[in-house]
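Structure first, commentary second.
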Amino acid sequence: MKRFAFLFALLVLVGNAAMAQTDDPSTADDGTFSAEDYRNNRHSGRSDSIQSQHKEIPRGLKVWTVDERFGDRKPAVPDTLSYMYMNSGLNTGLRGEYNTLGNLGAPRQNRIFIDRRQASEFFFLDPYDMFIVQPGDFQFTSTLSPITILSYNTAGNRNNGEDRFKALFAVNAGKEWGFGFKFDYLYGRGYYSNQSTSLFNYSMWGSYLGERYQAHLLISLNHQKVAENGGVANDAYITHPESFRDSYSEDEIPTILKQNWNRNDNQHVFFNHRYSLGFFRKVPMTEEEIKAKQFALKSQKAQEAQQAKEKARRRAKANGEQFDEEAYDKEKRSAGRPDDAAIAGDVSQVKAVADSVKASDRMTVNLEDSVQMANLKKQDALAKDSTQKWMKDEYVPVTSFIHTVRFDNYRRTYQAYNTPTDFYAQNYFNYGTAANDSIFDRTKHWSLKNTFAVALLEGFNKWAKAGLKAFVSYELRHYALPSMITPGGSTVALYNGDQTWSQHDVSVGGQLLKTQGKAFHYDISAEAWLAGNRAGQFHLDGHADLGFPLLGDTVQLAATAFLHRSAASFYMTQFYGKHYWWDNNLDQQIHSRIVGEFSLKKTRTRMRVGYDVIKNYTYFGIQNDRVKSGDNYLVQHNDLNVRQTGSPVNLLTLQLQQDFRLGILNWQNVLTLQKSSKEDILPVPTFNAYSNLFIRFKIARVLDVDLGVDGRYFTSYYAPEYIPGIGAFGIQETEASRTKIGSYPLLDAYANFRLQHTRFFIMFTHVNYDDGGKYFFTPHYPLNQRILRFGISWNFFN
């Protein structure tokens, strides 16, 4: 009840603010802030803490990502847009493209294969990609004044609800230095029993952008604790609730596991710096830089005037006089003279000379022409001064020397105090002396990678049409897994501490790219591993895009391709746990892909065609028996193995993104077709759809409103099953217990708002919920029923 009262009060306040405000261009279409983003009224840009001082706060925020290898900066859009804000915190993804266990922060996997990330070395964290940000995706900041962004999303109550709080602070020390920190805390209690999630992230970053030297530093600390329930004990509790004598609420439905947890702790340090050799040249300032300089000059002038007034006040006080502030201000205003004011003495002097010349009859001087010439000369001088004033010295780098170091430290623990009888097929060792003691599988891993590169940069003259780079990398990795020992005279193996492995690799590579210009761009990179445990591995990547006008529209063509020969993760070759154990000799996987894209700007049409070929495809295969026991099923003889297929797997993907708009009515659609040549080892839904129908309008010219309904749907298929003991997804291999999911539409209704720098939404998820629905996005893990959600994000400058 308190939550509804809070929402009502917020709506009243927003309504009052909307009626009182005028139009506010506070953000650009891409969500970036600029120095001109002020309200035109007199209260614009004031911090609440210094309103009495009548100071304007310069507003400007730019964000970019950094290439992990070369440190190249790529402009990005900050998280300040209201569009689709209501979906930004959903575990199913922005457009419902992820299979998930249902709860906020729970593991997930993308159903669209070409959008699925490549498996990482420590793949236990891959299902948490919505929370853990890789260095190459992290947004560094530059701001004209300190900025704080606070976000809070919530649903449910203190027993089953979901909460996520994010705080970001960024500040600059001058033009070159930028700093910031981010705090992200996610807590999902879970609507079903034994599925709570608690995820924590703290990140700090800094950047220095000098003319010759640039550097980026990122430090990130993460913790994930996720309770594992193994899914519901009988899908019929969801699909056929009428078949049970009793009615069950979500938290009363029996689950397979309880008192089981996956814990992950990881720390990351990323540092990239580069030194460039080059030359200076004069270039015009950008509009934003001109306005920023005007603001700085105005501020400096105002500060000097204030200091002069304070000096006059102190002088009057020292002489025992009364300081008349009004008379002082009047005197200063009258003492000023416009820059283009004429000087009377000049005209008199010219006239006297003219009279003298005329009297002597030597020649006639046109006074009017002389004044005009003087004015023209003065205008030329002013124009020249103005031109020089708004020019800047730009440093043009020609050659850069680059160094990147990345350190990652991981620790994963699977802990269980209550495991059902015969749940696992194998029991390799015990942590104590009891046959059924608890599980405490733990592994540790850290890696240290250094990359040194030299870059010949494009654009320093008209002949440098492309950039060329070369690099060498060295990586050292360390792993720890449990070992076991069998005491003499005993048949039971016991835990015997950890055993460790160390691996290293040396690789070389290069890049050829063209990013400047409007029409054609390309980027080709290659890397080959020459020595170490991954010798023979190589990656070849390419991208090209072309834009041109056609029949009044803008056509964009793009192609992306790669050929990767990759060794499997260490944990796919070796893993030791109480119930899962393998030592594999795996071949390197060969994966090739080509994707073509076509888009039309005016018609809002985008098409993608992708084709994958994978040889030596490596994956998890899971086997288990589901045995009926009363109203429930018991999962028994659970076993997991790493599989590798020798014959190629082919996958074709067709995707159409089409948006329509008629006045305030908007209809956005993403339709995807996928076809796998081996559905038994690489299953994907044949058809996946997302549709968003909404109206967009303004209230009082300042409150942006989106009201709509969006839906997700995919055809049924044997989706990968989640494996709690390993924290990953695997292929269902037991024919008798294989389960399909899909063919169920999921609808959400929402109201999305933006008022100046504040975004907020109210949303009902799963509005089409009804008893008997097959709302599973992962086998045996039902989605939540109908839920009211609320979120708010506030951006303000200090």
Side-chain angles (χ1 to χ4, degrees), residues 67-69 72 74 95 97 109-120 126 129 134 136-137 466-467 469 507 509-515 517 519-529 536-548 550 554-568 587-601 605-619 644-658 670-679 681-688 714:
D67 181 87
E68 291 190 44
R69 184 180 290 149
D72 296 333
K74 181 179 179 181
R95 293 177 173 83
E97 64 272 29
Q109 185 182 59
N110 202 319
R111 287 190 304 276
I112 312 302
F113 185 77
I114 62 173
D115 293 332
R116 191 179 299 175
R117 289 179 178 269
Q118 302 285 332
S120 63
D126 291 350
D129 61 346
Q134 297 297 323
D137 299 322
K469 304 173 185 178
S507 65
Q511 183 183 40
L512 179 67
L513 76 164
K514 179 182 182 297
T515 60
F520 181 62
H521 313 94
Y522 58 85
D523 179 354
I524 302 172
S525 62
E527 182 174 11
W529 280 254
Q537 182 174 273
F538 71 85
H539 290 170
L540 178 63
D541 297 83
H543 174 81
D545 61 80
L546 174 67
F548 57 91
L550 179 66
T554 301
V555 177
Q556 189 75 28
L557 299 177
T560 302
F562 67 70
L563 175 60
H564 290 176
R565 181 186 178 99
S566 306
D587 294 328
Q588 292 186 349
Q589 178 177 281
I590 302 175
H591 184 185
S592 60
R593 171 183 295 168
I594 183 168
V595 178
E597 298 185 24
F598 168 82
S599 64
L600 292 173
K601 187 175 182 179
T605 302
R606 181 188 177 196
M607 296 182 62
R608 285 200 300 172
V609 180
Y611 189 69
D612 290 82
V613 179
I614 311 174
K615 185 179 180 181
N616 299 328
Y617 179 59
T618 309
Y619 62 97
Q644 188 172 66
T645 177
S647 58
V649 181
N650 304 316
L651 180 72
L652 176 65
T653 304
L654 304 174
Q655 187 177 80
L656 171 65
Q657 180 175 332
Q658 181 63 64
V670 181
L671 310 176
T672 307
L673 294 174
Q674 297 179 102
K675 180 59 179 176
S676 171
S677 63
K678 294 187 178 182
E679 291 284 352
I681 63 175
L682 183 56
V684 290
T686 302
F687 177 67
N688 191 93
F714 59 91

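Predicted, not measured: the structure shown is a model, and the values here were computed from it.
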*Can you measure from CZ (F714) to CZ (F687) and round to the nearest 0.5 angstrom?*
12.5 Å
*Can you sort out the partners of S120 under side chain to side chain contact (heavy atoms under 4.5 Å, CB included), two or more places apart, ordered by chain and number?*
D126
*By salt bridge (charged side-chain N to carboxylate O under 4.0 Å, His left out) - contacts of E97 (at least two apart)*: none
*Has K615 got more than 12 heavy atoms of other residues, nucleotides or ligands less than 6.0 Å from its NZ?*
no
_Just to verify, what does Y617 make a ring-ring contact (aromatic ring centres under 6.0 Å, His included) with, not counting sequence neighbours?_
Y619
*Taking side chain to side chain contact (heavy atoms under 4.5 Å, CB included) as the test, write out the residues that go with K675, two or more places apart.*
none
*Could you tell me whether the side chain of L671 reaches within less than 4.5 Å of the side chain of L654, counting heavy atoms only?*
no
*Residues forming a side chain to side chain contact (heavy atoms under 4.5 Å, CB included) with D137, sequence neighbours excluded*: R117, V133, Q134
_Run the side chain to side chain contact (heavy atoms under 4.5 Å, CB included) test against V613 and tell me which residues pass, sequence neighbours left out._
S592, Y611, P648, N650
_Partners passing ring-ring contact (aromatic ring centres under 6.0 Å, His included) against F548 (at least two apart in sequence or in another chain)_ = none
*Closest approach of Y522 and A466, non-hydrogen atoms and distance?*
OH-CB, 3.3 Å
*Under the salt bridge (charged side-chain N to carboxylate O under 4.0 Å, His left out) rule, collect the residues that match up with D545, sequence neighbours excluded.*
none
*Give the minimum heavy-atom separation between D67 and R69, together with the two atoms involved.*
OD2-N, 3.0 Å
_Using 0.5 Å steps for rounding, measure from the CG atom of N616 to the CD1 atom of I590._
6.0 Å
*Quick one: list whatever passes side-chain hydrogen bond (donor to acceptor under 3.5 Å, both in side chains) with E68, sequence neighbours left out.*
R406
_Using the side-chain hydrogen bond (donor to acceptor under 3.5 Å, both in side chains) criterion, which residues pair with D612? Sequence neighbours excluded._
H591, R593
*asked:* Which heavy atom of V684 sits nearest to which heavy atom of S676, and what is that distance?
replied: CG2-CB, 4.1 Å
*asked:* With rounding to the nearest 0.5 angstrom, report the CG to CD1 distance, L651 to I614.
replied: 7.0 Å
Return a table of donor-acceptor pairs under 3.5 angstrom between the side chains of residues 556-567 and protein atoms on other chains or two or more places apart.
unit_1: T560; atom_1: OG1; unit_2: H543; atom_2: ND1; d: 2.9
unit_1: H564; atom_1: NE2; unit_2: D541; atom_2: OD1; d: 3.2
unit_1: H564; atom_1: NE2; unit_2: D541; atom_2: OD2; d: 3.0
unit_1: R565; atom_1: NE; unit_2: Q588; atom_2: OE1; d: 2.8
unit_1: S566; atom_1: OG; unit_2: H539; atom_2: NE2; d: 2.9

_Electrostatic pair D115-R608, nearest N-O below 4.0 angstrom_ = yes
_Is the shortest side-chain heavy-atom distance between T653 and L673 below 4.5 Å?_
no
_So which atom in M607 and which in L656 form the shortest heavy-atom distance, rounded to 0.1 Å?_
CG-CD1, 3.7 Å
*Judged by atom type as modelled, is there a donor-acceptor pair below 3.5 Å linking the side chain of Q589 to the main-chain atoms of T618?*
yes
*Residues which pass salt bridge (charged side-chain N to carboxylate O under 4.0 Å, His left out) with D72, listed by chain and number, not counting sequence neighbours*: R274, K469
*Can you check whether T645's main-chain N or O pairs, donor with acceptor, with S647's side chain at less than 3.5 Å?*
no
